[in-house]
Amino acid sequence: MKIIGLTGGIGSGKSTVAAMFAEKGIPVFISDEEGKRLLNTSKVVRRKVINLLGEKAYKKDVPDRKYIASLVFNDRDLLNSLNAIIHPKVAKNFKRWMSKQNAPYCIKESAILFETGGDALCDATIAVEVALETRIDRVLKRDAMSLKDVEARLKNQKSDQYRRKKANYVIKNETLKKTQEQVDKLHELLLYPINT
């Protein structure tokens, strides 16, 4: 089964695009959700996160996401260290998940697909992008974050230009109708690749 990597910056609409592929019966693995699940359930991850960020990282065995975000999105080294704890486990669980799927291809969604080298396992990659102002506006409305928090996250993410250079395909997520049309075309192309 082919692995198609799906990535994009915060607020770009990765989840919307992933849902459109899922509606076509394509299995979708959301790396961020798996990372959150591991933060909540893995004793090994919890121990390592507490060693990295201190006891305040968890309240009664539940990760304090606001506290964790306030530390890692203002310190790139801490963010890299946190990713080094979580992402190898996410990658391992993806392989296990993939072995249970039965489809022509699957989608591996990851905000930091290229940064973690996850694209090396992919047969092709898709970058989702939209204007920066739109992304900021979406995140402010969706996540009830302050502008300062959104800017801190953006500062720790690669640019659209970086992802565009590395991706095989780019989806411009400006309107749902246009995005759906792009997903439809890409789905056909992935099902019936044209050999050039």
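Hydrophobic clustering (side-chain heavy atoms under 4.5 Å, transitive across Ile, Leu, Val, Met, Phe, Trp, Tyr) groups V17 together with L189. A single hydrophobic cluster is seen to contain both Y192 and L186, as judged by linkage of ILVMFWY side chains at heavy-atom distances under 4.5 Å, directly or through other members. Under the 4.5 Å side-chain heavy-atom criterion for Ile, Leu, Val, Met, Phe, Trp and Tyr, V44 and F94 are members of distinct hydrophobic clusters. Linking ILVMFWY side-chain heavy atoms closer than 4.5 Å, directly or via other members, places M20 and I30 in a single hydrophobic cluster. Taking hydrophobic clusters as Ile, Leu, Val, Met, Phe, Trp and Tyr residues chained together by side-chain heavy-atom distances below 4.5 Å, I86 shares a cluster with L52.
For the 3.5 Å distance criterion, the side chains of T179 and N173 qualify, holding a donor opposite an acceptor.
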What verdict does the side chain to side chain contact (heavy atoms under 4.5 Å, CB included) test give for I50 and K56, after you've listed the backbone C-alpha separation in whole Å, the side-chain angles of each residue and the deciding distance to 0.1 Å? CA-CA 8 Å; I50 288 170; K56 285 184 180 179; over 6 Å; no

Side chain to side chain contact (heavy atoms under 4.5 Å, CB included) between R37 and E33, intermediate numbers included: CA-CA 6 Å; R37 191 188 71 76; E33 283 178 14; over 6 Å; no

Would you check, one step at a time, whether the test salt bridge (charged side-chain N to carboxylate O under 4.0 Å, His left out) holds for E188 with K185? CA-CA 5 Å; E188 289 300 310; K185 281 182 189 168; over 6 Å; no

CA sep, side-chain torsions, deciding dist, call: N168, I126, side chain to side chain contact (heavy atoms under 4.5 Å, CB included): CA-CA 6 Å; N168 299 99; I126 304 165; over 6 Å; no

Determine, step by step, whether M1 and N102 satisfy the side chain to side chain contact (heavy atoms under 4.5 Å, CB included) criterion, reporting the C-alpha distance in whole Å, the side-chain angles of both residues, the deciding distance to 0.1 Å, and the verdict. CA-CA 8 Å; M1 180 171 44; N102 182 20; over 6 Å; no

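Considering all non-hydrogen atoms of both residues, G11 and V130 come closest at O-CG1, 4.0 Å. The two residues I3 and L121 make their nearest non-hydrogen contact at CD1-O, 3.4 Å. Contact detail for K89 and S42: the closest heavy-atom pair is CE-OG, 4.1 Å. Counting all heavy atoms, side chain and backbone alike, N83 lies closest to P88 at O-CD, 3.7 Å. Residues L113 and G5 share a closest heavy-atom pair of CD2-CA, 3.7 Å. Listed here is the closest heavy atom pair of G118 and C122: O-SG, 3.6 Å.
No salt bridge links K166 with D119; every basic N to acidic carboxylate O contact stays at or beyond 4.0 Å. Taking a cutoff of 4.0 Å between a charged side-chain nitrogen and a carboxylate oxygen, K14 and D32 do not qualify as a salt bridge. Taking a cutoff of 4.0 Å between a charged side-chain nitrogen and a carboxylate oxygen, D149 and K66 do not qualify as a salt bridge. Classification of K177 and E181 as a salt-bridged pair holds, one side-chain N sitting under 4.0 Å from a carboxylate O.
Residues L53 and V72 are in side-chain contact: their nearest non-hydrogen atoms beyond the backbone lie under 4.5 Å apart. Under the 4.5 Å side-chain criterion, counting only non-hydrogen atoms from C-beta, R163 is not in contact with V170. Under the 4.5 Å side-chain criterion, counting only non-hydrogen atoms from C-beta, Y67 is in contact with L71. The side-chain heavy atoms of K178 and K172, taken from C-beta on, include no pair separated by under 4.5 Å. With contacts defined as side-chain heavy-atom distances shorter than 4.5 Å, the pair D160/R135 qualifies. Residues L38 and N93 are in side-chain contact: their nearest non-hydrogen atoms beyond the backbone lie under 4.5 Å apart. Annotation: side chain of R164 is not in contact with side chain of Y169 (no heavy-atom distance under 4.5 Å). When side chains are defined from C-beta on, T7 does not count as touching V128, because their heavy atoms never get closer than 4.5 Å.
Under the 6.0 Å distance and 45° angle rule, K155 does not count as a cation-pi partner of F73.
For the atom pair NZ (K95) and CZ (F29), the distance works out to 12.0 Å, reported to the nearest 0.5 Å. Between atom OG1 of residue T125 and atom CG of residue L6 there is a gap of 9.5 Å, rounded to the nearest 0.5 Å. A distance of 7.5 Å separates CD1 of I136 from CG of L140, quoted to the nearest 0.5 Å. Here the SG-CD distance, from C106 to Q101, works out to 7.0 Å after rounding to the nearest 0.5 Å. Distance CD1/I4 to NE2/H187: 11.5 Å, rounded to 0.5 Å. Atoms OG1 and NE2, from T116 and H87 in turn, are 6.5 Å apart once rounded to the nearest 0.5 Å.
Shown here are the side chain to side chain contact (heavy atoms under 4.5 Å, CB included) partners of R65, two or more places apart in sequence or in another chain: K36, L39, N40, P63.
Atom NZ of K2 sits in a crowded spot, with more than 12 heavy atoms from other residues, nucleotides or ligands closer than 6.0 Å.
In this structure, F21 and Y105 have perpendicular ring planes: the angle between them is above 60°, well past the 30° mark.
Checking side-chain atoms of N74 against main-chain N and O of S70 turns up a donor-acceptor pair under 3.5 Å.
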